[in-house]
Amino acid sequence: MKDRILTITVKADLHKYLTESHQSDIIRPERDSELMTVIKPYLCLEPDEWESQPIPDGYAQLQIALPNLRKVYEARSGKVYYCDTLFRDHITEEGLKKVRSYFKRTFNDKFLTFLAGWVEYQNVANETSENKKRIQITKGIVAFFNNYHITFDESMIEARRKAWIRYLEKLEENRVSAASN
């Protein structure tokens, strides 16, 4: 059976990250994955208005292969575990926003995890260094972008640096509030 492809638009850097991390131009989620949980409620039969608009600058089309789903009932509880999405290969504009948000969240999580590892590695590797500023965040950000072959500029590096600082501030707030309890 031919794959049913859902085509959405995402930012170009996010598109590059997703295709590099999945090692394919088509994202193939499992039917019970978190991504499918986000997508399923917003699938529709007819194209939505946003699909007829031109692709904005800085965005690229991302293809998601929809898995074949069927209804599975549990007799005792009467619950449906999977819904049939046959012929539903379009998504509403609200669904598009939810999917973009999901991808952005996974990108940020991966970035923060990568940079936390980078910082830890730098601390251990330079433990005996006399230089007080042992950690070089910019090099970690550049390494992350290079790892996923993402074309970057100074504004993207600065945005990622600010995201890292916000993350550290949030960790500190949580640490202080946990200590005061």
Task: Same apolar cluster: Val10 and Ile26, side chain cutoff 4.5 Å - done: no
TODO: State, to 0.1 Å, how close Ile137 and Trp164 come at their nearest heavy-atom pair, and which atoms those are.
DONE: CD1-NE1, 3.7 Å
Open item on the list: Tell me whether Trp118 contacts the main-chain N or O of Gln136 through its side chain, where contact means a donor paired with an acceptor under 3.5 Å.
Closed with: yes
Task: Taking every non-hydrogen atom, the tightest pair across Val99 and Ile8 - done: CG1-CD1, 3.5 Å
Open item on the list: Would Arg160 and Phe144 count as a cation-pi pair here, with the cationic atom under 6.0 angstrom from the ring centre and within 45° of the axis?
Closed with: no
Task: Reported OG1-to-CD distance for the pair Thr9 and Gln53, which is rounded to 0.5 angstrom - done: 9.0 Å
Task: Main-chain N/O of Lys11 paired with His15 side-chain donor or acceptor, under 3.5 Å - done: no
- [ ] Answer yes or no: is there a side-chain heavy-atom contact under 4.5 Å between Asp13 and Tyr17?
- [x] no
TODO: Measure the shortest side-chain to side-chain distance between Leu66 and Met36 over non-hydrogen atoms and say whether it is less than 4.5 angstrom.
DONE: yes
Task: Distance-minimising heavy-atom pair for Gln63 and Ile5 - done: CB-CG2, 3.6 Å
Task: Min side-chain heavy-atom separation Phe111-Ile141 under 4.5 Å - done: yes
Open item on the list: If I compare all heavy atoms of Asp25 with all of Thr19, which pair ends up nearest, and what's the gap?
Closed with: CA-CG2, 4.0 Å
TODO: State, with a plain yes or no, whether a side-chain heavy atom of Phe103 is found less than 4.5 Å away from one of Leu62.
DONE: yes
Task: Enclosure of Asn147 CG (heavy-atom neighbours >12, cutoff 6.0 Å) - done: yes
Open item on the list: If hydrophobic clusters are built from ILVMFWY residues whose side chains come within less than 4.5 Å, do Ile27 and Ile150 share one?
Closed with: yes
Task: Check: Pro29 and Ile64 side chains under 4.5 Å, non-hydrogen atoms - done: yes
Task: Check: Glu51 side chain, Asp48 main-chain N or O, donor-acceptor pair, under 3.5 Å - done: yes
Task: Side-chain donor/acceptor of Arg4 to backbone N/O of Pro67, under 3.5 Å - done: yes
TODO: Sort out for me which residue in Lys16, Gln23, His22 forms a side chain to side chain contact (heavy atoms under 4.5 Å, CB included) with Glu20.
DONE: Lys16
Open item on the list: Salt bridge check, Lys170 against Glu173: does any charged N sit closer than 4.0 Å to a carboxylate O?
Closed with: no
Open item on the list: Strictly below 4.0 Å, N to O, side chains only: are Glu94 and Lys97 in salt-bridge contact?
Closed with: no
Task: Distance in Å, Lys162 NZ paired with Ile157 CD1, rounded so as to fall on 0.5 Å steps - done: 13.0 Å
Open item on the list: For Glu46 and His90: C-alpha separation, side-chain torsions, deciding distance, then whether side chain to side chain donor-acceptor pair (under 3.5 Å) applies.
Closed with: CA-CA 6 Å; Glu46 297 295 322; His90 299 283; over 6 Å; no
Open item on the list: Distance check, rounded to the nearest 0.5 Å: Leu35 atom CG versus Ile39 atom CD1?
Closed with: 4.0 Å
Task: Tyr59 reachable from Leu18 in the ILVMFWY side-chain graph, under 4.5 Å edges - done: no
Open item on the list: How long is the straight-line distance from CG of Asn108 back to CZ of Arg166, given to the nearest 0.5 Å?
Closed with: 8.5 Å
Task: Shared hydrophobic cluster for Phe114 and Ile165 (ILVMFWY, side-chain gaps under 4.5 Å) - done: no
Open item on the list: For a 4.5 angstrom cut-off between non-hydrogen side-chain atoms, does Thr151 reach Phe145?
Closed with: no
Open item on the list: Which heavy atom of Tyr148 sits nearest to which heavy atom of Ser21, and what is that distance?
Closed with: CE2-CB, 3.8 Å
Open item on the list: Check whether Trp50 reaches the backbone of Ile91 with its side chain - one donor and one acceptor, N or O, closer than 3.5 Å.
Closed with: yes
